[in-house]
Amino acid sequence: MHNVVVLGSRFGGSATAYWLSKLFERREITVTIVDQWTLMTYRPALVRVAAGHPAQADNWHIPMVRRYQRAGFRFIRDTAYQIDPRAQKIHLATHPPLPYDTVFVATGADPAWEAIDGLGPHHGGVCEDYLARQTAYALSKTAGPIVVGVGPLYYSGSPVRLRASLDVPALEVAFLLDAWLSKHRRRQDIPITVITPACVPGESLGPKSQAILTRELERRQIQLIAESKVEQVGDSHITLYPQRVIKADQMIWIPPYHGSQLARRSGLDDGWGWIPTDKYCRHEKWSNVYAVGDINRSALPKLGHIAMLQAKVAVHALWAAMHHKSAQPFTPFVLHVIWTGHGRGLFTLSDILYGGKRDWVYFGAPASLAKTAFNASYRFFSGWMPIMP
Amino acid sequence: MATVITASEGIVLITVLSTLVTFTVVIVGGWWGIRRLSRHLEHLAGTVPRTNLFELFFMLKSWSWREILLTLQRSETGKGAQHPMGSVVTDTPWLDQLAFDPVTLDPSPPVPKDISLRVTIGPRAKKPLVLELPVLVAPMGYGVGLTAAAKTALAQVAALAGTATSSGEGPFLPEERAYAHKWILQWSQGPWNHQKEVVRLADMVEIHLGQGAEGQIHISRHKHLPRRLKRMVQGKSVVIRGGTPPLPYLFTHLKRINPDIPIGVKLIASNHIEKDLQILMRWPVDVITVDGQEAASQNSPAVISDHFGIPTVWAVIRARRWLKRHHIHHITLIASGGVKGAADIAKLIALGADAVALGSPLLLAVSHEQLSKFLPLSWHGPSRLVFADHSSHMAARFDVGQAVHHAVNWFTSTADELRTILEALGLDKVAALNPGLLIAKTENAAPLLAVSRLEVPFLVTQLAGLTDSYKELNHCLLEQYRLLRTQKERISGA
Ligand SMILES: Cc1cc2nc3c(=O)[nH]c(=O)nc-3n(C[C@H](O)[C@H](O)[C@H](O)COP(=O)(O)OP(=O)(O)OC[C@H]3O[C@@H](n4cnc5c(N)ncnc54)[C@H](O)[C@@H]3O)c2cc1C
């Protein structure tokens, strides 16, 4: 039997497991999934948690293990330390080395807090449950300016050009905060600023969405400092290059993305911490190593939707290789909804970032509802939805 | 004119009358009862209190509640008595007998603006630990001490407070490592965590040489162990060996696996702490934690917790004095044991510690507002919520979110209080705290300051250093001589 290991169990890993269970017969493969958490934290919902709803954090922990066990897969709760592609083994922190015939790496990007002088998770964030929850608690006491900061994306910069680690959730938090503070009649006393290295808001979305976002930010008096370079972060201030100090009573950070330590330690990265793959998400050098989601160099922007697309492409590629068939390559497009508060949302379906021409946009209540419905169904089906993107 | 009473008025009248009668009976009965009781008590008081209630008075005079409860525990279990939450025999609350000397007109430094609480742990290491405040989460092991939920909460708290948390003596918990921004692996003599991978995942390793509440004894646990832990040890009981681990081998081994991070040791605060320090200087130690007599653990043997070691404050003073005397400035000194809040932390830093590790106050903070849920229905103490040895239904009630919120509040207020102390002392950084800023409020505490302020003259320092080197040389020569002799004897025997 072909021995498959999936590292990581969020958007990328869970979708990989789904396609493995769909495409392969049980007698064809054995599947082991490794993650450091038994519960998946569903990150797209965290923006709402951070914007004043701390108690909702626990609603977005999705138990995955039973789902895997029902599919006949094995789950190991441990930390993967290193992949040895030569020996085809994964070194785990506390389990014996795990052999594989094929490995899917979906362990995401490590937050690179230390890439900015003084910055740390204690400054506030939204990317993990505890950060979003604490941000929400802190907001109840905030009386001064709020700054939503976005760190840079460190990568080779080609062929797709992006500057921010991920600016869409930052904008989403800013909009939701604006709505929440207005509802509580505190908005007039609390200025909100978004600091991003990107040139435009929503840099990964198409020009139409960017125009709507710019307009909406202006209308709601959310200051945008684009193309910013953060030099240093203190307890209550941010120093931008050159010599501009922004005061902040509360900060909410999307940290810089600096690739993955696991990829680096395993010698599988491209020199920037990302795993370089071909258009089937297969490692450029090791054909039995697939990279799915944020950790993949070509996953740009670092969105859950891209992770799910790549999981489908990668598992189909393995299936095709094992059954002597041809597979579909990864054709990226951005499918995203930003909650903008007050029951509205901005829907984007675009491939402009990759040189395409598609740029469909819708701004209104149905877009917000669509995102709410998707999130609810993802949670209900533990990521294995009847219709997978 | 005759008054006619209706039925309803009659009922009201009867009720009022019966209430009055009952009230009078209670009052009279109570008065009579009290009088009888006092007469009885008066009589008892005049008799020999050997077999009556007054024995309790004499007992409580000579016995503390602690001793009574421990005695009852021994009679119930037939085993050595244990208790959590640190030593209860701390007759001298040393730190409370010290106060800070506020700045006034002389000296009158400028009001500090940006007060920094930042500390660097193990500055000589290539990757030292930089903490936002000089307070660490003390080592408390998963499974052998705390539940997974409590450990996870503390890891989140540490990340949000900008400090480090420690694995403690328990096995590796992937969630803890994932949440903690800075994670210290405590190298214990338990049957786990010795894999190279675990060492490489650490931001610092601390070799456990014992702790104030337990000495260097072995620890065995066989009840209520988490399933994950049982699976790891492939058995029903866990034994953490006692004694000193092979230090020369350990230092080389750890440095080889993860050369860039600080390596520390956790020492029991003993009365021969200087000798221990001298021995430790043979190896590349970056951090020394002194765990005082007041230190707590989940279930410490009462005979050790209450009757061994020296107080944390004395250990800090003596360790710092020894390090200064030997011109050793690269070693970070961490104090732990019995520390309760910002004032204690600041005083210990003034007396020579670089940072302080705390456990009990954090356990109180994470349990805050979580006990009322089940208190009326159970007799369990607050620690039951976070300690590992309980039935699983209790663990489910622990709300990690709420726990993290309260413990982060604790850290925020402690940082605020530390800044307030520094401001009142006219200082802009925590490292500027020194013994000169302290006042002894009692005669008892005066020696603390006398010793910590003691300037060591140059010649004395040199002489002390020379004596130490001589002693070490002598020890080596004797050892070699012994080896040679045994070899000779063996040859002649053959
Ligand atoms: C606040 C926020 C909001 C977002 N909103 C949206 C949105 O609305 N729509 C959208 O499409 N995308 C959104 N994203 C992006 C999306 O969440 C990510 O792109 C997606 O999570 C990537 O999935 P992944 O599986 O590649 O990696 P991750 O989500 O990072 O998951 C990696 C998994 O691997 C595990 N892991 C990591 N290292 C190891 C190791 N060494 N050993 C074992 N396990 C390990 C982790 O525990 C984790 O479970 C958002 C992101 C954030 C931060």
Side-chain angles (χ1 to χ4, degrees), chain A residues 8 34-39 41 49 53-61 76-82 90-97 107-108 110-111 113-114 117-125 128-138 140-141 233-237 255 261-262 265, chain B residues 114-118 127 130-133 148 152-163 167 171-183 185 192-203 228-229 231-232 399-409 411-412 415-416 419:
Chain A
V34 182
D35 200 306
Q36 45 203 355
W37 283 296
T38 52
L39 298 173
T41 298
V49 174
H53 304 96
Q56 283 185 14
D58 292 334
N59 298 352
W60 295 100
H61 289 148
I76 298 181
R77 177 166 66 140
D78 206 343
T79 308
Y81 178 74
Q82 195 176 27
I90 293 145
H91 295 277
L92 303 175
T94 59
H95 285 79
T107 48
D110 298 333
W113 298 100
E114 60 292 339
D117 182 25
L119 182 65
H122 60 281
H123 283 112
E128 291 297 342
D129 50 356
Y130 74 106
L131 290 169
R133 194 200 299 117
Q134 193 54 32
T135 297
Y137 277 129
S140 59
K141 291 184 216 147
V233 180
D235 281 345
S236 54
H237 71 270
Q261 277 298 97
L262 176 65
R265 283 195 294 256
Chain B
D114 285 330
I115 297 176
S116 166
L117 299 179
R118 219 173 237 209
K127 287 187 193 161
V130 181
L131 309 182
E132 294 305 314
L133 78 174
T152 309
L154 288 175
Q156 297 181 5
V157 170
L160 289 164
T163 187
S167 68
F172 180 77
L173 190 66
E175 292 91 329
E176 181 188 42
R177 172 60 286 205
Y179 279 123
H181 190 49
K182 285 162 188 141
W183 182 70
L185 164 69
W192 44 58
N193 289 1
H194 298 159
Q195 298 91 329
K196 275 191 244 137
E197 288 76 12
V198 177
V199 177
R200 287 191 184 128
L201 284 169
D203 297 306
R228 180 179 160 76
L229 199 137
R231 224 182 302 133
M232 282 183 112
D399 180 337
V400 172
Q402 214 179 17
V404 173
H405 173 52
H406 288 128
V408 170
N409 278 350
F411 264 106
T412 313
D416 275 354
R419 284 199 188 91

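Given the structure is predicted, the values throughout are model-derived calculations rather than measurements. Below, read A as the first sequence line, B as the second, and so on, with proteins coming before strands; counting in each chain starts at 1.
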For this session: Fit a plane to each ring of B:Tyr179 and A:Tyr130, take the angle between them on a 0 to 90° scale, and name the class: parallel (under 30°), tilted (30 to 60°) or perpendicular (over 60°).
Result: perpendicular
Seminar exercise, completed: So, the part of A:Glu114 with a heavy atom under 4.5 Å from chain B: the answer is side chain
For this session: Evaluate side-chain contact (heavy atoms from CB on, under 4.5 Å) for A:Leu92 paired with A:Thr79, printing each intermediate quantity in order.
Result: CA-CA 6 Å; A:Leu92 303 175; A:Thr79 308; over 6 Å; no
For this session: Evaluate the side-chain proximity of A:Val233 to A:Asp117: yes if any heavy-atom separation is below 4.5 Å, no if none is.
Result: no
Exercise. Given a strict heavy-atom distance threshold of 4.5 Å, which part of B:His405 is in contact with chain A: side chain, backbone, both, or neither?
Worked result: both
Exercise. Side chain, backbone, both or neither: which part of A:Gln134 has a non-hydrogen atom closer than 4.5 Å to chain B?
Worked result: side chain
For this session: Identify whether NZ of Lys or CZ of Arg in B:Arg177 sits under 6.0 Å from the centre of the six-membered ring of B:Phe172 and within 45° of that ring's axis.
Result: no
For this session: Report, as yes or no, whether the 6.0 Å neighbourhood of atom CG on B:Asp114 holds more than 12 heavy atoms from other residues, nucleotides or ligands.
Result: no
Problem set entry | Most chain A-contacting option - heavy-atom pairs closer than 4.5 Å, from B:Gln195, B:Lys196, B:Glu132, B:Gln156 | B:Gln156
Problem set entry | Residue part contacting chain A, namely of B:Ala178, when any heavy atom lies under 4.5 Å | both
Exercise. Which answer fits A:Arg77, side chain, backbone, both or neither, if we ask what part of it has an atom under 4.5 Å from a heavy atom of chain B?
Worked result: both
Exercise. Relative to chain B, which of A:Asp58, A:Thr94, A:Asp35 shows the most heavy atom pairs under 4.5 Å?
Worked result: A:Thr94
For this session: Using a strict 4.0 Å threshold on nitrogen-to-oxygen distance, state whether B:Arg118 and A:Asp235 make a salt bridge.
Result: no
